[in-house]
There are 2 protein chains.
Amino acid sequence: MASKVSPLAPNVIHPLPALPGVRLTARECGVRYKGRKDVMLMEIAPGSTIAGVLTKSLTCSAPVDICRKHLKGGKARAILVNAGNANAFTGKVGIEAVDRCLKATAKSLGCKVSEIFIASTGVIGEPINDKRITDNLPALIKDLQEDAWNDAARAIMTTDTFEKVATRTAKIGDAEVTINGIAKGSGMIAPDMATMLAFVATDAKIPAAILQTLLAKAADKSFNCITVDGDTSTSDTLLLVATGQGPKHKKPASATDPILKEFRAALESLLTDLAVQVVQDGEGAEKLVTIDVSGAASAAAARRIGLAIANSPLVKTAIAGEDANWGRIVMAVGKSGEKADRDKLSISIGGVEITRNGQRRPDYDEAPVAAHIKTRDVHIGVDVGIGSGKARVWTCDLTHRYIEINADYRS
Amino acid sequence: MASKVSPLAPNVIHPLPALPGVRLTARECGVRYKGRKDVMLMEIAPGSTIAGVLTKSLTCSAPVDICRKHLKGGKARAILVNAGNANAFTGKVGIEAVDRCLKATAKSLGCKVSEIFIASTGVIGEPINDKRITDNLPALIKDLQEDAWNDAARAIMTTDTFEKVATRTAKIGDAEVTINGIAKGSGMIAPDMATMLAFVATDAKIPAAILQTLLAKAADKSFNCITVDGDTSTSDTLLLVATGQGPKHKKPASATDPILKEFRAALESLLTDLAVQVVQDGEGAEKLVTIDVSGAASAAAARRIGLAIANSPLVKTAIAGEDANWGRIVMAVGKSGEKADRDKLSISIGGVEITRNGQRRPDYDEAPVAAHIKTRDVHIGVDVGIGSGKARVWTCDLTHRYIEINADYRS
């Protein structure tokens with residue numbers, strides 16, 4: 001399925017460092033794909049905490065239901081993930097398959113079922129052959145390694161063309177902790193809490209309730225600000241594990257504890273990195289589009305305006321065609337349903353202000369805008385002239401390749 | 001711009017009959033296009049009433065602002081329309097251009113400025129050269145004819161590949177009245193009150209307030225139930241004129257007067273006909289997709305679920321690829337934000353029930369579904385298992401041709 005690598009892929013994908021308290025492995029289990037690894041297991045040290053944000057889809061998958069339930073306990077010993085089959089809309093047989101996977105993993109690791117998390121991505125509505133997973137559990141556990149992060153990131157890919165990894169360090173007091181993350185996603189990307197699959201771990205020691213607040217806040221500025229095609233997945237799952245196996249540090253008192261300042265910034269930076277990589281691997285993407293909205297009634301309003309632009313097929317095809325058709329941006333702002341002052345609306349592309357006071361600037365020179373839009377990295381700025389709310393969102397262009405990929409994905 | 005005729009176009013486009021109280025003409029004025037008629041004038045008999053529904057876009061065009069204002073008077077003597085330039089986001093110069101057109105037309109016809117309606121469609125953000133229109137007014141008025149409906153319908157086309165016309169008759173008491181309508185639209189179609197441009201006239205005699213209620217209700221079941229690309233136009237304008245020049249009939253007391261029963265049905269049928277023609281001429285469309293949603297919490301909820309399916313690029317590309325990938329329908333229902341019972345969700349394609357009780361039917365045979373999806377007329381049925389709300393919406397598939405049309409529309 002994954003063919004030519006996206007032209008927006010990073011030039012070099014660095015291997016993630018080992019992270020104390022986490023071991024991983026990936027294996028070819030033949031759940032659906034042949035000739036590639038398709039299952040990943042992340043083993044987590046006893047005593048680790050976990051937080052998560054999950055899709056708001058009303059037709060969410062069986063694994064999402066289970067994660068939501070297990071997150072209440074706040075403790076994790078393993079995350080088991082397969083690609084190729086989303087185990088979504090599979091009814092009772094889907095739930096039974098999840099149960100068998102959870103029980104087998106818990107038994108193998110000697111922990112509670114409620115400490116196992118599971119995620120599945122791929123085709124919707126097909127019963128999953130979970131025996132392919134459980135039969136391979138002993139081998140998966142035997143192969144667990146500290147440095148298999150990139151291998152794990154590759155095993156969870158579907159239409160992705162490159163693995164998405166990111167790492168950051170941050171000081172909590174004098175202790176330097178690490179955060180590692182992997183993600184997958186390429187199509188059906190319009191996160192409504194998290195996008196597709198992302199698994200993040202830190203060796204810091206943070207209580208589950210605080211971890212949850214930190215994660216939700218950072219997800220809101222990263223995964224919740226991207227879109228590829230406006231279609232929200234049934235499987236969106238973002239999990240954050242804290243093993244507490246890194247350098248010793250003072251226990252944070254709350255999510256807003258000043259001791260976590262660097263950690264909060266590092267987490268948001270890492271999630272944004274992963275989220276933008278998902279857009280860079282957007283199905284058929286040839287350009288990354290960054291949209292900054294300002295002057296809105298609130299930050300939430302700014303994000304909705306940004307996403308209205310980011311999801312507009314007419315804006316996205318204009319960018320694919322390298323046509324600075326900014327009238328379509330006007331249209332998208334107008335349809336967003338959010339307050340905007342048509343007669344104060346200011347639009348820029350590539351830093352060049354095109355409109356002012358509700359009309360095209362008399363001195364507008366299209367040449368630098370036309371040159372900018374031919375690059376791989378397109379920037380759109382919109383000020384809607386109402387208030388001080390702002391947001392940044394990311395999307396990609398809409399190309400022929402998107403149609404090619406999606407007109408025969410399942411067959 | 002308009003090239004190959006849509007494969008979904010009607011085999012024969014019948015000329016509309018004359019309608020007492022309306023004369024029309026179309027002319028090549030060179031507003032933007034060359035070598036085709038691009039301005040249409042509809043002259044309406046004195047004493048006629050008018051109703052309209054207009055885009056809710058917050059970046060609506062100057063002509064939309066004017067129509068909204070003039071509709072308060074409820075009287076019409078002319079509708080002036082140009083294609084090629086939407087006169088949207090053109091600031092003060094756009095408003096001045098509209099003023100000049102209105103004044104010149106009112107002067108030529110000897111009526112009030114508030115009785116003139118105007119609509120513009122085409123590129124957004126370019127100042128319009130209204131002199132091209134006003135200079136041609138004497139010739140336009142000289143050429144007014146009773147049977148120029150189809151000519152007028154062609155003059156308002158942009159990326160449309162065929163003109164959209166429809167006619168109906170209805171009895172009000174013993175009098176048989178006629179309704180004629182023309183429309184244009186192909187891309188930027190996700191009406192939020194009306195879609196793009198549609199001009200409808202009847203020779204019945206109906207007070208403006210009643211006409212408005214009838215129109216809003218019928219638009220809600222027709223134009224507000226279609227989408228091509230989810231992008232709402234800055235120019236959506238649907239106007240309905242009643243000339244009162246047809247056979248004499250009793251004055252209706254209200255919009256729900258039983259005397260109007262046939263008229264209400266005929267109006268909804270005519271608007272639906274025009275709306276479906278817009279989808280059939282959807283940019284790049286190769287298949288017309290009709291989606292029936294039932295079992296929703298309300299009719300409005302059913303429509304939103306239907307539009308979530310109809311706007312999903314993944315559903316639309318699957319249909320373009322003739323792939324019965326019904327899992328994407330599950331996804332779209334899930335993202336709609338409307339109440340649905342995942343475990344009662346039933347999906348059918350071409351009348352074949354695929355899922356029941358939240359999973360694929362064990363006896364599901366894909367063969368008849370695969371055969372159905374290869375036709376030009378695809379039907380999707382969804383029951384969300386909550387209540388008794390239902391709605392029908394129409395869309396088209398998303399093809400390579402859509403990308404081709406929109407990646408270089410303006411250049």
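Labels below follow one simple rule: chain letters A, B, ... track the order of the sequence lines, proteins then strands, and each chain is numbered from 1. Values reported hereafter were calculated over all heavy atoms of this structure, with side chains retained and with hydrogens, waters and symmetry mates removed. Owing to the predicted nature of the structure, the values given are computational and were not obtained by experimental measurement.
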Sole residue of A/D281, A/T121, A/T159 in side-chain contact (heavy atoms from CB on, under 4.5 Å) with A/K184: A/T121

Top residue by heavy-atom pair count (under 4.5 Å) with chain A, among [options]?
{"options": "B/N357, B/V93, B/L345, B/T234", "value": "B/L345"}
{"options": "B/S312, B/A340, B/P127", "value": "B/S312"}
{"options": "B/G187, B/G337, B/A88, B/G334", "value": "B/G334"}

Sort out for me which of [options] touches chain B most, counting heavy-atom pairs under 4.5 Å.
{"options": "A/G125, A/C60, A/P313", "value": "A/P313"}
{"options": "A/D341, A/N311, A/T399, A/V315", "value": "A/T399"}
{"options": "A/G327, A/G358, A/G91", "value": "A/G358"}

If you apply the rule side chain to side chain contact (heavy atoms under 4.5 Å, CB included), what do you find for A/N129 with A/V31, and how did you get there? CA-CA 6 Å; A/N129 187 342; A/V31 174; 5.8 Å; no

Quick check on [X] against chain A: is it the side chain, the backbone, both or neither that has a heavy atom closer than 4.5 Å?
{"X": "B/I319", "result": "neither"}
{"X": "B/D343", "result": "neither"}
{"X": "B/S235", "result": "neither"}

Under the 3.5 angstrom rule, does the side chain of A/N87 hit a backbone N or O of A/T90 as a donor-acceptor pair? no

Identify whether the distance between the nearest side-chain nitrogen and carboxylate oxygen of B/E286 and B/R401 falls below 4.0 Å. no

Is the shortest distance from a Lys or Arg side-chain nitrogen in A/D323 or A/R328 to a carboxylate oxygen in the other one below 4.0 Å? no

Any side-chain heavy atom of A/I128 sitting closer than 4.5 Å to one from A/N82? yes

Taking only residues two or more places apart in sequence, or in another chain, which ones meet B/T375 in a side chain to side chain contact (heavy atoms under 4.5 Å, CB included)? B/H372

